[in-house]
Amino acid sequence: MNFNSIALEDIQEIANHPEPFKLIINSLCPTIYGHEIVKAGLCLALFGGNPKKSNQKFTVRADSHVLVVGDPGLGKSQILRACSRVSPRGVYVCGNTSTTSGLTVTMVKVAFLSD
């Protein structure tokens, strides 16, 4: 991956910041006040993912799927749109713009050893 000098300086500034994770969280959709936990989860989803092997010889990060549910008017759509703009492979899908067969949600309860 090639970086220009401005991007490299920005990366070094983030790396030298006393709280880089908090800086990243606050820089994600700064027009929406608060919601640090939601923003933190979305930032982790942007940077996370398990590697998977493709047909070629290179490794690709697995797809991260995020579902955000909450009361109307909290800025969920704006935060998710910001994430899709930041991610090179990001796709934003909204429930009211998709068909019922095109957007499917499944919830599964996972039993832990202590249950």
Exercise: identify the closest heavy-atom pair between [X] and [Y]:
| X | Y | result |
| --- | --- | --- |
| Glu19 | His17 | N-ND1, 3.0 Å |
| Pro30 | Ser27 | CD-O, 3.5 Å |
| Cys43 | Ile25 | SG-CA, 4.2 Å |

For a side-chain contact (heavy atoms from CB on, under 4.5 Å) check, start with the C-alpha distance between Phe21 and Ile14, then their side-chain angles and the critical distance, and finish with the verdict. CA-CA 9 Å; Phe21 188 61; Ile14 293 169; over 6 Å; no
Please report the interatomic distance [atom1]([X]) to [atom2]([Y]), rounded to the nearest 0.5 Å.
| X | Y | atom1 | atom2 | answer |
| --- | --- | --- | --- | --- |
| Leu80 | Leu28 | CG | CG | 9.0 Å |
| Ile79 | Ser84 | CD1 | OG | 12.5 Å |
| Glu9 | Asn4 | CD | CG | 9.0 Å |
| Leu44 | Ile24 | CG | CD1 | 9.5 Å |

Tell me, do Ile32 and His35 make a side-chain contact under 4.5 Å, heavy atoms counted? yes
Treating Lys39 as the side-chain partner and Cys29 as the backbone partner, does any N or O pair qualify as donor plus acceptor under 3.5 Å? yes
